[in-house]
Amino acid sequence: MAGLHSAFLREREVEKLLQLAPGELDHLLEEDEDFPRGSKVHDSDVDWARGREAHWRWDGGQVYEWAARSTRFRERGAALLDPTLETRAITPAKWVGFQPTSQGPAMDWETDLGVVRLLYTTRPGAARALTEELTEEAGAQGVITVCALWGDIGFSGPALVAADTAQPSLEYEAQWGRVTKLIGQPLPWWPGLLRRADVISQWSPGAPVTIADVLPDEREAVLRQAASVWRPSDAARNALTDLANSLRNERISRVNREIDIFGEAGAHPQGDRLLVAARHRTKGYPLPRTNDRELLAEGWRHIASSQLFEAYEPLSIVMHCDPGLLPFGPHVEVSAHSPAARRWARQLSPCAPTAMHAILADDAQEVTFYTDFMTGIPVVRKGTAHRGKWIFLAPSRLPDRAQLRSVILQDTVWVRTADRWIYPGPCTSAGHLWWGPGGGDRPTEAAWVISQLLDDVGSEVTLDGHGRRAPDGLRRLLNQPLKPGTELMRAELEQARAQRADDVLDS
């Protein structure tokens, strides 16, 4: 299992693990071709530089697994990898009960091997941490091994990572099916968002399925708190509530998908059955949503222009979850000293910062706030007079005043119109206006946006189907290694757009 904690052992430590006499490991390495391969390493770069002799080391988890599958060292290997567990007669385990632990909720089962503790968390290193904690206590409460969930699914059920109290630092992969066989009954399992102590502690053998609520995450709580205090816009309050409901519905859907995958669909045709111990309630769900995106967008416009403290975090959330609801395009940074940016700066008006300005400013110390009065986009300037930059959200559309005159390629695509105004190129929230050769097909989005602006400079641009709709000639033009600051006039753009695909391929 990739990602297991690796504990590397020196020769003496391997001998101690396998209870070998000094020098006996050399004979074992000669006789057994299946023994895990070791490697020679130096303790430090200084030792390597001084020519000191390297020492052998082995991955302790691999040695521990190998021992369990061998005949001679089986009792010194991983407890749950002993192949005889598949064939020996097993006495059904006794359920000891729920155990609150420092690593999360757990269940203890007293088996023929000792107490097996099932830890219901996917936190990396949890099995090893709890096992090390147990070994520091007298008798380790009879626990022989701790199994934690890995978060994935294996051939016989949920993937497990185990650590034994005999060797607490050595993690290994355990099989749900083998643990099920050892315990002698299907094991309870909880989907991730219901994997809480207050839910798990309700289970006992034969208990009915627990009906439990999915709790709001931090984002949902922020949105509902903002909606509860928002004034005076009903549209803003509705937008906040709708996104909060969306997040809750997504989390409930995640619970149901997990149950389908782990509980009902099964890991494998021969996988071992598990008991889905908790489900989410169905009454009242899914929570209601608003289908009118124009109405939602109106609410988010109010929030974006607000100076209320409660607007900042909701805007951060919507920018991550559904940026298309905002009246802006993608985040753009340009040098404040490029000719195009200096020309554009004359159109900017100083303003009091809105919540959107605060997001753009982040934690910058030297920052001033502006609005592009032609497009309405928020703009901040960061840095000193000599090393400044403009940070803004691209417009989603330009004023419909005059046709496109040229485009300038300088940090982004700038659009000049026939009435000599200049604007950052409009774009959708999910796009970026790039050009020049590079990874992927960089100029396709810019080529399609420019083509739309040539037809109607005031159109609300779309990137739907840009891969097939971008004119081949424009794409080819923008794929050239053009010098920053290059200005492409309308006639040149029209000529490139008019090139047919076969003309482009022949040239």
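Side-chain contact annotation: Trp390 with Asp411, donor-acceptor N/O pair under 3.5 Å absent. Residues His55 and Arg10 have side chains that bring a donor and an acceptor to within less than 3.5 angstrom of each other. Looking only at atom types and distance, the side chain of Ser246 has no donor-acceptor partner in the side chain of Asn249 under 3.5 Å away. In this model, a donor atom of one side chain and an acceptor atom of the other lie less than 3.5 Å apart for Thr417 and Asp419. Counting only N and O atoms by type, the side chains of Glu133 and Ser102 include a donor and acceptor under 3.5 Å apart. A donor-acceptor contact under 3.5 angstrom links the side chains of Asn245 and Arg224, judged on distance only.
Contact of the Glu487 side chain with the Arg405 side chain is registered, since non-hydrogen atoms from C-beta on lie closer than 4.5 Å. Between Leu240 and Trp300 the shortest side-chain heavy-atom distance falls below 4.5 Å. Side-chain contact between Pro100 and Phe98 is present, with at least one heavy-atom pair separated by less than 4.5 Å. Between Trp414 and Ser406 the shortest side-chain heavy-atom distance does not fall below 4.5 Å. When side chains are defined from C-beta on, Trp421 does not count as touching Arg416, because their heavy atoms never get closer than 4.5 Å. Proximity of Trp150 to Leu160: side-chain heavy atoms (C-beta onward) are nowhere separated by under 4.5 Å. Using a 4.5 Å heavy-atom threshold, the side chains of Arg387 and His337 count as separate. The side-chain heavy atoms of Val146 and Leu118, taken from C-beta on, include no pair separated by under 4.5 Å.
Looking only at distances, no side-chain donor or acceptor of Arg476 sits under 3.5 Å from a matching main-chain atom of Pro471. The backbone N or O of Tyr120 sits nowhere less than 3.5 Å from a side-chain atom of Arg195 that would complete a donor-acceptor pair. Remark: the backbone N or O of Phe8 is not paired with any side-chain donor or acceptor of Arg57 at under 3.5 angstrom. In terms of modelled atom types and a separation under 3.5 Å, the side chain of Glu258 and the main chain of Gly192 share a donor-acceptor contact. Judged by distance alone, with hydrogens and angles left aside, the side-chain atoms of Asp362 form no donor-acceptor pair with the main-chain N or O of Ala364 at under 3.5 Å. Looking only at distances, no side-chain donor or acceptor of Ser459 sits under 3.5 Å from a matching main-chain atom of Val461. Side-chain atoms of His280 do not come within 3.5 Å of backbone N or O of Ile211 as any donor-acceptor pair. The main-chain N or O of Thr368 is never found under 3.5 Å from a side-chain atom of Arg381 such that the two would form a donor-acceptor pair. Under the 3.5 Å distance criterion, the side-chain polar atoms of Gln62 are left unmatched by any main-chain donor or acceptor of Trp58. Not a single donor-acceptor pair under 3.5 Å links the side chain of Arg117 to the backbone N or O of Cys147.
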Note to self: Between Asn238 and Leu296, does the side chain to side chain contact (heavy atoms under 4.5 Å, CB included) criterion hold? Intermediate values first, please.
What the structure shows: CA-CA 7 Å; Asn238 290 339; Leu296 295 175; 5.5 Å; no
Check: After noting the C-alpha distance and the side-chain angles of Ser335 and Lys389, does the key distance pass the side chain to side chain contact (heavy atoms under 4.5 Å, CB included) rule?
Finding: CA-CA 4 Å; Ser335 168; Lys389 58 183 177 180; 5.7 Å; no
Next item on the list: List the steps and the verdict of salt bridge (Lys or Arg N to Asp or Glu O under 4.0 Å) for Asp322 and Arg293.
Entry: CA-CA 11 Å; Asp322 196 352; Arg293 286 185 67 83; 3.1 Å; yes
Checklist line | Stepwise salt bridge (Lys or Arg N to Asp or Glu O under 4.0 Å) test for Asp260 and Arg257 | finding: CA-CA 5 Å; Asp260 286 343; Arg257 284 195 302 271; over 6 Å; no
Checklist line | Working for side chain to side chain contact (heavy atoms under 4.5 Å, CB included), residues Gln499 and Asp472 | finding: CA-CA 7 Å; Gln499 284 188 290; Asp472 294 285; over 6 Å; no
Note to self: For a ring pair (Phe, Tyr, Trp, His ring centres under 6.0 Å) check, start with the C-alpha distance between Phe262 and Trp190, then their side-chain angles and the critical distance, and finish with the verdict.
What the structure shows: CA-CA 10 Å; Phe262 284 84; Trp190 289 262; over 10 Å; no
Next item on the list: List the steps and the verdict of side chain to side chain contact (heavy atoms under 4.5 Å, CB included) for Val407 and Leu404.
Entry: CA-CA 8 Å; Val407 298; Leu404 181 148; 4.0 Å; yes
Next item on the list: Could you check Arg497 against Asp455 for salt bridge (Lys or Arg N to Asp or Glu O under 4.0 Å), going step by step and ending with a plain yes or no?
Entry: CA-CA 11 Å; Arg497 183 168 70 156; Asp455 292 333; 3.1 Å; yes
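In this structure, the separation between CZ on Arg281 and OG1 on Thr210 is 11.0 Å, given to the nearest 0.5 Å. One distance of note links CG of Leu9 with CG of Asp59; it measures 8.0 Å at 0.5 Å rounding. With rounding to the nearest 0.5 Å, the separation of CH2 in Trp176 from CH2 in Trp189 is 9.0 Å. Rounded to the nearest 0.5 Å, atoms CZ (Arg475) and CD1 (Ile450) are 13.0 Å apart.
Contact record, Val367 with Ala361: CG2-CB, 3.9 Å, taken as the closest heavy-atom pair. Closest non-hydrogen pair, Ser201 versus Ala197, comes out as OG-O, 2.7 Å. Shortest non-hydrogen contact noted between Glu220 and Leu247 is N-CD1, 4.1 Å. When all heavy atoms are compared, the tightest approach of Cys321 to Pro323 is C-CD, 3.8 Å. Thr462 approaches Asp464 most closely through the heavy-atom pair OG1-N, 3.0 Å. Across Thr241 and Ala227, no two heavy atoms sit closer than the pair OG1-CB, 3.7 Å.
Taking a cutoff of 4.0 Å between a charged side-chain nitrogen and a carboxylate oxygen, Glu298 and Arg301 do not qualify as a salt bridge. A salt bridge does not link Asp363 with Lys382: none of the charged nitrogens is closer than 4.0 Å to a carboxylate oxygen. Remark: Glu250 does not engage Arg254 in a salt bridge, criterion side-chain N to carboxylate O under 4.0 Å.
A 6.0 Å sphere centred on CD of Gln495 holds no more than 12 heavy atoms belonging to other residues, nucleotides or ligands. For Phe373, the CZ atom sits in a packed shell: over 12 heavy atoms of surrounding residues, nucleotides or ligands are nearer than 6.0 Å.
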